[in-house]
Amino acid sequence: MNRENLLQFFKQLKPLQRVVIQAHDFPDHDAISSAYGLSFILQSLGMKTLIVYNGEIDRISLSNMVEWLNIPVVHCSKANLNANDHIITVDGCIGENNVTDLPGDEIAVIDHHTVTAPNSLWFADIRPNYGATATIIFEYYQMLKIDMPMKVATALLVGLNIDTANLTRGFCNADLKAFITFNQIADLDIVNKICRNSLIHYELTNFEDTCKLVKQSEGIATVLLKEPCAKNMLGVLADFLLSVNEFDVVIVAIENKGALQLSLRSECPKVNVGHLLRKTLNDTRMGFGGGHSHMAGGIVLADNTQHFMEHDNAHFAPFVKEIKALRSLEAAF
Ligand SMILES: [Mn+2]
């Protein structure tokens, strides 16, 4: 991606009545902050923008961020989108299971997941080696020499911190450069207050549940939660389990309307959990999944959960089998 491509794309957007920026469903901090950062760029170029999402904002830290920084986000059900709208997807990709197909024409994807965008788009900027979409947005500011407002830097820094677990996973040099600039401009008291307050009282139950129910075999920790749990809480619990020294691959799941919602983490270099989910779910049509090498999410469709659990006993056999195969494959060298 160079300055010319970017300017060409913005030129194409210019005549539109409004530009819709869509975060992935059940958005996270990186998705909302990147949408916010992009909307400021487009507005400063004279365009009207609308940030939308589907699903829920289910982390207290994200609703605090939206409230404290006054980020104008709208649930898609209240956005009155129509067939004339043009949509840029950020931190997610059209065609993926976590990006709802909304009314309007999808014209662009800006993402850091391992995804393939359709050829028909006006613009695609996909950088799977980046720790956060926030860093891609940072580079747009640099390329266009736009001053980044404090609120935008504050949001983007939260997105970068949370996606990379405070620069401890899946980041590259570009993320470090973005971090330095964000850090100079952002309101660090607000960044830290958002990041520190990541739970609500009830969610302590989810930790209790996790501690009681976790099982492990050869470093693979698995949990099927019993109590209700916010979708994005699964990742928080998976990170928590990965902090246990003996575990290097983690699977956290909860049943949701007969389907199994999943969050995976890996610190084992031989086990890429993004690939693992695509191979065991997408390729077999048992469900959908994807993400990064070290963190991924997915869903086992209701008709197929019997391959992963028996009554209340979740064995996750297809995943465990594949993880063990990956581990032994590399060991042969
Ligand atoms: Mn992200």
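All ligand and atom numbering here is 1-based and tracks the order in the structure.
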May I ask you to say whether Arg59 pairs ionically with Asp28, meaning some side-chain N is under 4.0 Å from a carboxylate O? no

According to the interplanar angle, ranging from 0 to 90°, do the rings of Phe207 and Phe240 count as parallel (below 30°), tilted (30 to 60°) or perpendicular (above 60°)? perpendicular

Scan the side chains in residues 220-236 for donor-acceptor partners under 3.5 Å anywhere in the protein, sequence neighbours excluded, and list what turns up.
from, atom 1, to, atom 2, distance (Å)
Asn232, ND2, Phe26, O, 3.1
Asn232, ND2, Asp58, OD1, 2.9

Considering only Ile, Leu, Val, Met, Phe, Trp and Tyr, and joining two whenever side-chain heavy atoms are under 4.5 Å apart, list the other residues clustered with Val99. none

Among residues at least two apart in sequence or on other chains, which ones pass salt bridge (charged side-chain N to carboxylate O under 4.0 Å, His left out) with Arg278? Glu96

Keeping waters out of it, list the protein N, O or S atoms under 2.8 Å from the Mn ion (ligand 1). Asp30 OD2, Asp91 OD1, His112 NE2, Asp163 OD2

For the OG1 atom of Thr100 and the OH atom of Tyr53, what is their distance to the nearest 0.5 Å? 12.0 Å

